[in-house]
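Below is one structure, written out as C-alpha cells; comments come after it.
These numbers come from a predicted model, not from an experiment.
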Amino acid sequence: MIATLIVAWIIFIILWKLLKATVSSALTIAAILILLNISFGITPQDILHYIMQFTQNISKIQNSK
C-alpha cells in the first residue's frame, strides 16, 4: 500500500511538472504572437505561411544535393 502511494506520488509530480512546462510554453508563445500582432501587424497566419515556405525551401535544398 505504501509503495503504491509512493509510486502514485512520483507519477503525480512528474505529470505536474510536465503540465507546468507545457502551460508555460503555451503562454510564452501566445504572448510573443500577441506582441508581434500589436507591434508589427504580423498575424499567426503570416508566421505559419513563412514556416511553410521555409520548410519547402529546406526540402528543395535537400533534394537538389
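Atom NZ of residue K60 and atom OG1 of residue T55 lie 10.5 Å apart, to the nearest 0.5 angstrom. Interatomic distance, L18 CG to I13 CD1, rounded to the nearest 0.5 Å: 13.0 Å. In this structure, the separation between OG on S24 and CG on L19 is 11.0 Å, given to the nearest 0.5 Å.
Screening I11, T4, I10 against V7 for a side chain to side chain contact (heavy atoms under 4.5 Å, CB included) leaves a single residue, I11. Checked against I32 for a side chain to side chain contact (heavy atoms under 4.5 Å, CB included), the options T28, L35, I29 give a single hit: T28.
If you chain together ILVMFWY residues whose side-chain heavy atoms come under 4.5 Å of each other, M1 ends up in a group of its own.
In the hydrophobic clustering of ILVMFWY residues, with side-chain heavy atoms under 4.5 Å counting as a link, I14 and I6 come out together. Using a 4.5 Å cut-off between side-chain heavy atoms of Ile, Leu, Val, Met, Phe, Trp and Tyr, with links allowed through other members, I61 and M52 fall into different hydrophobic clusters.
In the model, H49 has a side-chain atom that pairs as donor or acceptor with a side-chain atom of Q53 under 3.5 Å.
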